[in-house]
Amino acid sequence: MKSKVQFRLRVYRDDTIAIGPGKIAVLEAVAETGSISAAARLLGMSYRRAWMLIDEMNQSLASPAVNTAAGGSRGGGTALTPVGEEIVKHYRAIENAARLAAAADIRALTRLLAP
(Lines give C-alpha, C1' and ligand atoms only; values in the text may rest on other atoms or scores of the structure.)
Protein backbone atom coordinates (compact mmCIF):
# COMPACT_ATOMS: atom_id res chain seq x y z
CA MET A 1 0.00 0.00 0.00
CA LYS A 2 1.07 3.54 -0.69
CA SER A 3 0.74 6.24 1.96
CA LYS A 4 -0.31 9.81 1.35
CA VAL A 5 0.14 12.89 3.50
CA GLN A 6 -2.16 15.83 2.93
CA PHE A 7 -2.22 19.22 4.63
CA ARG A 8 -5.66 20.81 5.03
CA LEU A 9 -5.18 24.50 5.75
CA ARG A 10 -8.33 26.51 6.43
CA VAL A 11 -8.55 30.25 7.02
CA TYR A 12 -11.68 31.29 8.89
CA ARG A 13 -13.48 34.60 8.96
CA ASP A 14 -15.75 34.34 11.97
CA ASP A 15 -17.39 30.89 11.56
CA THR A 16 -16.99 30.78 7.79
CA ILE A 17 -14.16 29.03 5.99
CA ALA A 18 -12.95 31.92 3.86
CA ILE A 19 -10.11 29.97 2.25
CA GLY A 20 -9.68 26.22 2.25
CA PRO A 21 -8.80 23.25 0.08
CA GLY A 22 -12.15 23.07 -1.74
CA LYS A 23 -12.15 26.76 -2.53
CA ILE A 24 -8.56 26.61 -3.78
CA ALA A 25 -9.47 23.66 -6.02
CA VAL A 26 -12.38 25.65 -7.47
CA LEU A 27 -10.16 28.70 -8.05
CA GLU A 28 -7.57 26.56 -9.85
CA ALA A 29 -10.27 24.88 -11.96
CA VAL A 30 -11.80 28.25 -12.89
CA ALA A 31 -8.35 29.51 -13.88
CA GLU A 32 -7.89 26.42 -16.05
CA THR A 33 -11.33 26.35 -17.67
CA GLY A 34 -12.53 29.98 -17.64
CA SER A 35 -15.95 28.87 -16.47
CA ILE A 36 -17.67 27.95 -13.21
CA SER A 37 -19.72 25.21 -14.87
CA ALA A 38 -16.64 23.69 -16.55
CA ALA A 39 -14.71 23.97 -13.28
CA ALA A 40 -17.53 22.18 -11.46
CA ARG A 41 -17.55 19.38 -14.06
CA LEU A 42 -13.77 19.07 -13.82
CA LEU A 43 -14.03 18.66 -10.04
CA GLY A 44 -17.07 16.38 -10.13
CA MET A 45 -19.32 18.78 -8.24
CA SER A 46 -22.53 20.58 -9.07
CA TYR A 47 -22.51 24.09 -10.50
CA ARG A 48 -24.45 25.19 -7.43
CA ARG A 49 -21.76 23.87 -5.08
CA ALA A 50 -18.95 25.53 -7.06
CA TRP A 51 -20.87 28.81 -7.16
CA MET A 52 -21.55 28.65 -3.41
CA LEU A 53 -17.84 28.11 -2.66
CA ILE A 54 -16.90 31.08 -4.84
CA ASP A 55 -19.63 33.30 -3.43
CA GLU A 56 -18.75 32.42 0.16
CA MET A 57 -15.10 33.21 -0.51
CA ASN A 58 -15.88 36.48 -2.30
CA GLN A 59 -18.14 37.55 0.60
CA SER A 60 -15.28 36.90 3.05
CA LEU A 61 -12.66 38.91 1.16
CA ALA A 62 -12.01 42.64 0.97
CA SER A 63 -12.21 42.31 -2.83
CA PRO A 64 -13.39 39.34 -4.92
CA ALA A 65 -11.22 36.41 -5.98
CA VAL A 66 -13.35 35.73 -9.05
CA ASN A 67 -15.04 37.94 -11.64
CA THR A 68 -17.88 36.61 -13.76
CA ALA A 69 -19.28 37.87 -17.04
CA ALA A 70 -22.85 36.97 -17.94
CA GLY A 71 -23.48 34.97 -21.11
CA GLY A 72 -24.96 36.47 -24.21
CA SER A 73 -24.06 36.78 -27.87
CA ARG A 74 -20.35 36.93 -26.99
CA GLY A 75 -20.63 34.25 -24.31
CA GLY A 76 -19.83 34.58 -20.66
CA GLY A 77 -16.83 33.64 -18.69
CA THR A 78 -15.16 33.59 -15.34
CA ALA A 79 -11.64 34.61 -14.41
CA LEU A 80 -9.57 34.96 -11.30
CA THR A 81 -8.86 38.48 -10.17
CA PRO A 82 -5.34 39.40 -9.06
CA VAL A 83 -6.58 38.69 -5.51
CA GLY A 84 -7.68 35.19 -6.57
CA GLU A 85 -4.30 34.54 -8.16
CA GLU A 86 -2.54 35.72 -4.97
CA ILE A 87 -4.71 33.48 -2.80
CA VAL A 88 -3.80 30.38 -4.83
CA LYS A 89 -0.11 31.32 -4.92
CA HIS A 90 0.14 31.89 -1.17
CA TYR A 91 -1.98 28.87 -0.26
CA ARG A 92 0.21 26.53 -2.33
CA ALA A 93 3.38 28.17 -0.94
CA ILE A 94 2.17 27.56 2.64
CA GLU A 95 1.43 23.91 1.80
CA ASN A 96 4.89 23.48 0.29
CA ALA A 97 6.65 25.17 3.22
CA ALA A 98 4.73 23.01 5.71
CA ARG A 99 5.58 19.86 3.75
CA LEU A 100 9.28 20.76 3.70
CA ALA A 101 9.37 21.77 7.38
CA ALA A 102 7.62 18.56 8.43
CA ALA A 103 9.47 16.18 6.08
CA ALA A 104 11.44 14.36 8.80
CA ASP A 105 8.36 13.91 11.00
CA ILE A 106 6.30 12.77 8.01
CA ARG A 107 8.93 10.14 7.18
CA ALA A 108 8.95 9.00 10.82
CA LEU A 109 5.16 8.68 10.90
CA THR A 110 4.88 6.88 7.58
CA ARG A 111 7.55 4.36 8.69
CA LEU A 112 5.13 3.36 11.46
CA LEU A 113 2.41 2.37 8.98
CA ALA A 114 1.75 -1.27 8.20
CA PRO A 115 3.34 -2.48 4.94
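It should be emphasised that the depicted structure is a prediction, and the values quoted were computed from it without experimental measurement.
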Please evaluate residues Gln59 and Arg13 with respect to the criterion side chain to side chain contact (heavy atoms under 4.5 Å, CB included), reporting the C-alpha separation (whole Å), side-chain torsions for both, the decisive distance (0.1 Å), and the verdict. CA-CA 10 Å; Gln59 295 295 322; Arg13 181 175 177 264; over 6 Å; no
Sequence neighbours left out, cut at 3.5 Å: what donor-acceptor pairs do the side chains of residues 47-56 make with other protein atoms?
residue : atom : partner : partner atom : Å
Glu56   : OE1  : Lys23   : NZ           : 2.5

Given side chains that start at C-beta, do those of Pro21 and Tyr91 come closer than 4.5 Å, heavy atoms only? yes
In terms of hydrophobic clustering (I, L, V, M, F, W, Y; side-chain heavy atoms under 4.5 Å; direct or indirect links), are Val11 and Ile17 co-clustered?
no
dist Ile24:CD1 -> Lys89:NZ (nearest 0.5 Å) comes out at 13.0 Å
Taken to the nearest 0.5 Å, the spacing of His90 NE2 from Ile19 CD1 works out to 10.0 Å
By side-chain hydrogen bond (donor to acceptor under 3.5 Å, both in side chains), Glu32 pairs with (sequence neighbours left out) none
Sequence neighbours excluded, the answer for side-chain hydrogen bond (donor to acceptor under 3.5 Å, both in side chains) partners of Glu85 is none
- Hphob cluster co-occupancy, Leu43 + Val88, side-chain heavy atoms under 4.5 angstrom: yes
For Ala39 and Val26 the tightest heavy-atom approach is CB-O, 4.4 Å
Exercise for the section: Verify the cluster assignment for Leu9 and Ile106: are they in a single hydrophobic cluster under the rule of side-chain heavy atoms below 4.5 Å apart? Expected result: no
Taking every heavy atom of Glu95 against every heavy atom of Phe7, the minimum-distance pair comes out as OE2-O, 3.8 Å
- Message: Is there a side-chain contact between Val66 and Thr81 in this structure, where contact means two heavy atoms from C-beta onward sitting under 4.5 Å apart?
- Response: no
When rounded to the nearest 0.5 Å, the distance separating OG1 of Thr16 from CZ of Arg10 is 13.5 Å
For the pair Ser37 and Ser35, evaluate side chain to side chain donor-acceptor pair (under 3.5 Å) and give the outcome as yes or no after the intermediate values.
-> CA-CA 5 Å; Ser37 57; Ser35 154; 3.0 Å; yes
Smallest heavy-atom separation, Ala65 atom then Leu27 atom, equals CB-CD2, 4.1 Å
Of Asn67, Thr33, Val30, the one forming a side-chain contact (heavy atoms from CB on, under 4.5 Å) with Thr78 is Val30
